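Data first, discussion second: the structure below is written as structure tokens.
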Amino acid sequence: MASGNSKLDKQELLRLYHEMVLVRRLEERSAILYQEGKIGGFLHLYIGQEAVGTGILSVRRPEDRVITAYRDHGIAISCGTSARAVMAELLGKATGTSKGKGGSMHLADVENNFWGGHAIVGAHLPLAAGMALADKYRGEAGVTICFFGDGATNIGYFHEALNLSMLWRLPVLWVCENNLYGMGTAVERASAVSQIRQKAEGYGMPNARVEGMDVLEVRQAAEKALEAVRGNGPFLLEVITYRFRGHSMGDPERYRTSDEVQKYQANDPIGIFRRHLIEERKIKVEELDTEETKVEEEVEDAVRFAESSPEPAPEELFRDIYADPVVPQPDTGQS
Amino acid sequence: MASGNSKLDKQELLRLYHEMVLVRRLEERSAILYQEGKIGGFLHLYIGQEAVGTGILSVRRPEDRVITAYRDHGIAISCGTSARAVMAELLGKATGTSKGKGGSMHLADVENNFWGGHAIVGAHLPLAAGMALADKYRGEAGVTICFFGDGATNIGYFHEALNLSMLWRLPVLWVCENNLYGMGTAVERASAVSQIRQKAEGYGMPNARVEGMDVLEVRQAAEKALEAVRGNGPFLLEVITYRFRGHSMGDPERYRTSDEVQKYQANDPIGIFRRHLIEERKIKVEELDTEETKVEEEVEDAVRFAESSPEPAPEELFRDIYADPVVPQPDTGQS
Amino acid sequence: MAILTFREAISQALWEEMERDPRVLIMGEEVGVWGGTYAVTKGFFDHFGPERVLDTPIAEGVIVGAANGAAMAGLRPVAELMTINFAFLAMDQIVNHSAKLRSMFGGQITAPVVIRAVGGGGRQLGATHSQTPDVVFAHFPGLKVVAPGTPHDAKGLLKAAIRSEDPVLFIEHATLYQAKGEVPEGEYLEPIGVSKIQRPGRDVTIVTYSKMLQVSLQAADALAREGIEAEVVDLRSLRPLDMGPVLESFRRTNRAVIAEEGWRSYGIGSEVAARIYEEAFDDVDAPIERVAQMEVPLPYNRDLEQAALPKADDIIAAVRRVV
Amino acid sequence: MAILTFREAISQALWEEMERDPRVLIMGEEVGVWGGTYAVTKGFFDHFGPERVLDTPIAEGVIVGAANGAAMAGLRPVAELMTINFAFLAMDQIVNHSAKLRSMFGGQITAPVVIRAVGGGGRQLGATHSQTPDVVFAHFPGLKVVAPGTPHDAKGLLKAAIRSEDPVLFIEHATLYQAKGEVPEGEYLEPIGVSKIQRPGRDVTIVTYSKMLQVSLQAADALAREGIEAEVVDLRSLRPLDMGPVLESFRRTNRAVIAEEGWRSYGIGSEVAARIYEEAFDDVDAPIERVAQMEVPLPYNRDLEQAALPKADDIIAAVRRVV
Ligand SMILES: Cc1ncc(C[n+]2csc(CCOP(=O)(O)OP(=O)(O)O)c2C)c(N)n1
Ligand SMILES: Cc1ncc(C[n+]2csc(CCOP(=O)(O)OP(=O)(O)O)c2C)c(N)n1
Ligand SMILES: [Mg+2]
Ligand SMILES: [Mg+2]
């Protein structure tokens, strides 16, 4: 376990533990709801990667903006979005983060400075650069933390956004969650370099690569990286992680062996943290179990809330298209 | 002057000299024809950069494909395209390389393995990767030589194409003609790194950076680079050069001082080579002047040919759209 | 005749063409090891090998761009875009390069690629992943845009597309893959740019294509039960657009409904309606109706999404208005 | 009233809005030191400084993408695309992001950007640099697409676009910059989504916009000399599309010609014609004519290019066919 996190008090440690378990249980529950047909579309679970979102966002400040790709449930939770609003969005309800219009891939919670959930691979990197530009222009203190996958580093957007951010010294922390695959394609089969952090060299951008299964190690790396960003502009942080489930629901997983998956699952970020808390920080098992129980209740509550929430009203179809509502034409039902 | 080119015999040296002077005079003549309104559209002159095209293409083999951006007149000549066909295309004549349909930015000469002349910045880099893929797939020996500007290295296409070429070990020589500006934007104002070759590090791609005013130095660097490509896949060669004229005709050139331009013009690649031939290779001034005279005649002949060539026939408008000619509809004049 | 799914028909076409012509290769995201996210290329990687079935990085610009380049150099690449929504990331390669290389270079350079793209809404994928923007591509001369509605046409048209000397954008509707239909046993090609009457009828002409062909056929069956016989004309190709069978049918029925899945404004129906009016003005007995998607980005919520998509009932109602 | 060029009108609009609102900034290729390749932002860099007039790398994806992001975060960026042909390199940001962020996130996130793009043919720039693909963008709900045809409207609409809470693609025709027209002295806004009768007439309705407005006005003048009074309706905005003045005019003239610079198939005219037929069917006295570009990528050669572009004579001939 990483040192230097000793300043974290017990309450804070329990909060991190709680958060990771919450993300895990929410995802497990979502998988079931998907199989029951209550969640539609694509569903990408964060299981296995919890230490990344929790670790990094444990050191963000409220004024720091966060943006990510479609694998966004955990990030939303770590930004402070309620489990209720997340679950309601997954079920497409009016009470969801995006009024049921966005779904799993498009959570957002601007009040908590969480800017989505974006489903076009790489497309949110320019958005991150732009948000950081706005903050810098106005002299605001916040930085933008932008999460993306290893697969996203091969698309043109990555290049254009990283170059611009370095050129203009924009306050962006670029976080690559390298879970070794983009869908079924291993990093080495998609990227000319297998260390993603090496790509930063092409922009002269400071960078680092850390293991992502130990939440405190991630936290520490993020702390350093954020410090660099606040002073000097962008930083690329590569975090090595692994998704324990398929890319999305219904992935045949022909591209990896179950042996490989089990090997990584043995390295569960929640298990690692739990052991650390018990063995190194002398936290009682019962205390951790209490957190687990709280989480179970929270998840149950979220599901109950989501299931009992109303569907969006039919007229919502014509809202939020433009600043003014679109008036459907009566004769054709068209706007 | 670069050593190691001593194997070049006098005839070959004179050929290179002839070629560079031909490119220069053709461009000078084009500028006049543009001012006379005989050439339309955009016209990007290669003046100042002759040593790059001539140097690199002096070591290409016939089976090597060549592709470049819109600043393509010199590259066409160095590929073996006749001055007549180039000039006729600039004048939009039926006898032009592209039947008058492409214009200055879209010369091509597939017989000489010259694949254009492309006007969307960066878009021909993927085309180059694809041609190299085809050659590799068929086990053919040729490589693809792809020229592009410094400005083009900031667009997504550059990233996607360089990554793919390295990943698949495609036989491409990437040649960045770094003339210090993309239109009015200096490299340092557009690129996070001012050494373009550094970008290759992000792909783990072998690379080099050479001065581009000495044709023999360029030639030598290209020889080495091509050797690497033939054996092992892509290579990024950055060549430092300078355009003596504006970006295209009508550039107000507010972004650089005339002092700066004059400084570089003093370093004229043709002048440098001429001095070398006279002083180091003991070639007589008269022999060089004979080449100059031949060039003058060639340019005159090309202009005469172009001016006396026919315009494309009206029905050409509907040719070359699809494999089968499009039949315009008689009633509306539309196809 | 065998009964095949749309997926099987597409898959067969690709397989046969790869067996026939070594210049054909497939490139795209997850086409190899995964076997295609819609399982269209399942088994191809093992059979044809990694040289001919190329898993690419997620980089649509270079997927289409390298396919263009390989086609320029004599191969017959089939580039796959996982969904047509991602075609916007390759838009410049498609409309500025595939479509224009031939004319821009006076015929010297050509890019006979096939770009397969999966389109359509109705699966709760949200606004960016549910589009049917076929018309946007069909606007560009130099490109051919094909969008079959039956397994039979899917196979014959895809084979024709691969053999075509022109670039073809081949649009497959994601919710059609399970659709079944008769497919001849032997080899056959369907001509690109030829519309087809998929169901004869005398009372009204329904002009449609792709997924909406199936929906239109359902609507026609329902209408038949009330005694209205709809003729269903399938465009199959959006460029070239073959108005012949549409006009021939319309001159008999004097009534038309155009059904498409994409947005109504500046849609396929706009052009088809305008053409019918222009070319059969004197035969128009009632205003032509257009059935299309509501003018909204498609939402995730199932009911909202379904409300925005055109359905058989919408076609039926439109037919009732014109007859 | 002052007489200004289109260029001056655009330039004034930008200048005034930047003076008014510190959230407005300009970003794009050569907008700063160069002063804009069409000299629209000449003097801006010196006056407003490099923080507000940002020269960008050649990277259209991040130009529009970062503008979207800055708009999400509360700025009012004006992104400039040197030509609309390069918009295809930013297509995903425009149609999947600018246009959809608001609805996809239930109204929480908005991207009130203005994307200025220079379009049009006729300058011998070859196939990739001469397009008028306005319709392609107008197809997408969530986006507003504005294309003025006079200096007056250019100024008023650009100011309105910058103040709009919605993303606006603002299309300027490259050959209009020198066009002159009256522009009021004081501040004014023109509403987005309102068509306008630019010339009254009783015999025929010419529906048009952008550069073709000027061409249509020329045609109308010529027609007036033979006693035909054409009413010219300028759409000004392609989305929202305001058919009100078009229909009102058509109900008086009963005849229409639609003139646009882009390709005819799946063009602006397709939709406008379809809408007129749908909404004023009983008032149609003659088939509506469409005047548009030949269905070819524009060639470099001047005569060929000019032959492909729609001209005043084409409009005149079309009007003669309908009256
Ligand atoms: C532009 C684009 N191309 C393709 C896709 C389809 N797609 C969705 S997720 C994905 C893999 C992304 O991999 P990575 O960036 O590593 O993220 P991970 O899923 O591993 O978190 C692909 C190809 C897409 N959404 N957008
Ligand atoms: C995608 C795209 N964006 C913008 C342009 C306009 N443009 C033409 S050339 C050019 C500068 C290119 O600079 P560089 O790559 O350094 O080449 P150079 O002109 O110096 O040879 C620009 C911005 C274009 N043609 N294509
Ligand atoms: Mg990944
Ligand atoms: Mg340059």
Side-chain angles (χ1 to χ4, degrees), chain A residues 65 67 89 94 96-103 105-111 115-120 122-138 140 144 155-157 159-165 167-168 170 312 316-317 319-324 326 331-332 335, chain D residues 22-23 25 27 50-52 54-77 79 89-90 92-93 96-113 141-144 164-168 192-193 239-240 243 278-279:
Chain A
R65 299 172 194 272
I67 189 168
E89 188 61 34
T97 61
S98 307
K99 298 192 195 164
K101 297 181 182 182
M105 304 198 287
H106 303 110
L107 305 179
D109 180 1
V110 168
E111 256 179 42
W115 294 85
H118 297 267
I120 301 289
H124 65 293
L125 279 71
L127 301 181
M131 291 196 297
L133 170 65
D135 285 333
K136 183 177 169 133
Y137 174 77
R138 286 181 302 225
E140 281 165 21
T144 297
I155 203 162
Y157 277 138
H159 182 62
E160 297 188 358
L162 264 75
N163 181 57
L164 195 78
S165 71
L167 184 69
W168 290 354
L170 302 176
E316 275 298 325
L317 187 55
R319 296 226 176 99
D320 304 321
I321 315 296
Y322 294 101
D324 303 319
V326 169
D331 53 339
T332 60
S335 63
Chain D
R23 296 174 307 164
L25 43 80
M27 49 197 292
E51 291 78 23
R52 297 189 68 192
L54 293 103
D55 278 323
T56 64
I58 307 168
E60 283 77 8
V62 81
I63 292 172
V64 178
N68 277 337
M72 285 163 63
L75 298 189
R76 287 294 178 270
L89 290 127
D92 169 67
Q93 282 295 331
N96 283 338
H97 295 84
S98 307
K100 294 186 174 62
L101 289 170
R102 180 187 287 268
S103 73
M104 209 154 52
F105 294 105
Q108 258 191 100
I109 297 180
T110 64
V113 286
L143 195 66
K144 291 183 172 173
S164 167
E165 292 298 319
D166 295 313
V168 179
I192 293 174
R239 184 177 280 270
M243 287 295 292
E278 277 165 8
E279 296 171 40

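Predicted model, so just to flag it, every value in this text is computed and none were measured. Below, chains carry the letters A, B, ... as their sequence lines are ordered, and counting in each starts from 1.
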Whether the side chain of A:Glu160 engages the backbone of D:Val62 through a donor-acceptor N/O pair (distance < 3.5 Å, no angle test) should be reported.
yes
Most heavy-atom pairs under 4.5 angstrom with chain A, which of [options]?
options	value
D:Gly61, D:Gly142, D:Gly107	D:Gly142
D:Pro112, D:Gly74, D:Ala70	D:Ala70
D:Ile63, D:Asp92, D:Leu54, D:Thr56	D:Asp92
D:Pro167, D:Ala59, D:Pro22	D:Ala59

Part of [X] within contact of chain D (heavy atom distance under 4.5 Å):
X	result
A:Leu107	backbone
A:Asn163	side chain
A:Ile321	both
A:Trp115	both
A:Tyr322	both
A:His159	neither

Locate the shortest heavy-atom distance separating [X] from [Y]; write the atom from each residue and the value.
X	Y	result
A:Ala134	D:Ala73	CB-CB, 3.6 Å
D:Phe105	A:Ala108	CD2-CB, 3.3 Å
A:Leu127	D:Gly65	CD2-O, 3.5 Å

Checking heavy atoms, do the side chain of [X], its backbone, both or neither come under 4.5 Å from chain A?
X	result
D:Thr110	neither
D:Leu143	backbone
D:Asn96	side chain
D:Leu101	side chain

Report yes if some heavy atom in the side chain of [X] is under 4.5 Å from a heavy atom in the side chain of [Y]; otherwise report no.
X	Y	answer
D:Gln93	A:Ile120	no
D:Gln108	A:Asp320	no
D:Met72	A:Val110	no

Applied to residues 96-113 of chain D, the salt bridge (Lys or Arg N to Asp or Glu O under 4.0 Å) test, sequence neighbours excluded, yields D:Arg102-D:Asp166
Keeping to residues at least two apart or across chains, list the salt bridge (Lys or Arg N to Asp or Glu O under 4.0 Å) pairs with something in residues 61-71 of chain D.
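As it turns out, there is no salt bridge (Lys or Arg N to Asp or Glu O under 4.0 Å) pair with a partner in residues 61-71 of chain D once direct neighbours are skipped.
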Greatest number of non-hydrogen atom pairs under 4.5 angstrom with chain D, of A:Lys99, A:His106, A:Lys101, A:Arg65, falls to A:His106
Per-residue tally against chain D (heavy atom, under 4.5 Å) across A:Glu316, A:His118, A:Glu140 peaks at A:His118
> So, A:Tyr137 versus D:Arg52: side-chain donor-acceptor pair below 3.5 Å or not?
Replying inline: yes
Output the distance between atom CE (A:Met105) and atom CE (D:Met104), rounded to the nearest 0.5 Å.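 The distance works out to 8.5 Å.
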